[in-house]
**Q** 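Have a look at this one before I ask anything.
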Amino acid sequence: MSELPASAWRIVLGAWLSFFGVIVLAFGSSKEVLFVLGVVTAFAGVFFGVPMILLRINKRTDPAQSKRYLDTLNGRLSKSEALAQIVMAPALLTLGLVAIGYFATHSG
């Protein structure tokens, strides 16, 4: 986790924030849905907050070595390939949700 630069994690966070933004725009018309989205947002905050805290602790105790490649379960990846894999899920989910929201609001 500490091998990717902070800018990469900002891109990932931005992709997930856009996903939640599309959910609010498409389905946030009732108070019940907004309550559920608030709970989901709180869980997402914990999901992203804990790794960020651990990343800061790790940087203080053991600074990351500057490596060109990341070792993953399936082999070596460059940092840009790893970032593409990490960002692909929220980006594709956002695009799919935009399509679902469009069809849900524009169906006759």
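In what follows, every heavy atom counts, from backbone to side chain, and hydrogens, waters and symmetry copies are set aside.
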**Q** Can you get from L95 to V87 by hopping between Ile, Leu, Val, Met, Phe, Trp and Tyr side chains that sit under 4.5 Å apart?
**A**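 Different clusters.
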**Q** Give the cluster check for L54 versus V46: same hydrophobic cluster or not, with ILVMFWY residues linked at side-chain heavy-atom distances below 4.5 Å.
**A**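 In one cluster with L54: V46, yes.
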**Q** Given 3.5 Å as the limit, does a donor-acceptor pair link the side chain of E81 with the main chain of S78, or not?
**A**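 At least one qualifying donor-acceptor pair exists.
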**Q** Taking all non-hydrogen atoms of both residues, which atom of S18 and which atom of T94 are closest, and how far apart?
**A**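 Heavy-atom minimum between the residues: OG-OG1, 3.8 Å.
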**Q** Kindly write out the residues that satisfy side chain to side chain contact (heavy atoms under 4.5 Å, CB included) with F48, not counting sequence neighbours, or none if the list is empty.
**A**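 Only V12, L13, W16 meet the side chain to side chain contact (heavy atoms under 4.5 Å, CB included) criterion with F48.
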**Q** What pairs with L97 under side chain to side chain contact (heavy atoms under 4.5 Å, CB included), at least two apart in sequence or on another chain?
**A**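 L97: side chain to side chain contact (heavy atoms under 4.5 Å, CB included) contacts with F19, V22, I23, F27.
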**Q** State yes or no: do F20 and I11 share one hydrophobic cluster built from I, L, V, M, F, W and Y residues joined by side-chain heavy-atom distances below 4.5 Å, directly or via other members?
**A**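 Hydrophobic grouping puts F20 with I11.
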**Q** Using 0.5 Å steps for rounding, measure from the CG atom of L83 to the CG atom of L77.
**A**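 Taking CG in L83 and CG in L77, the distance rounds to 11.5 Å.
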**Q** If two hydrophobic side chains count as joined below 4.5 Å and joins carry through other members, does L17 share a cluster with V36?
**A**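 Yes; V36 is reachable from L17 via cluster members.
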**Q** Minimum heavy-atom separation for P90 and I86, please, with both atom names.
**A**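 Looks like CD-O, 3.4 Å.
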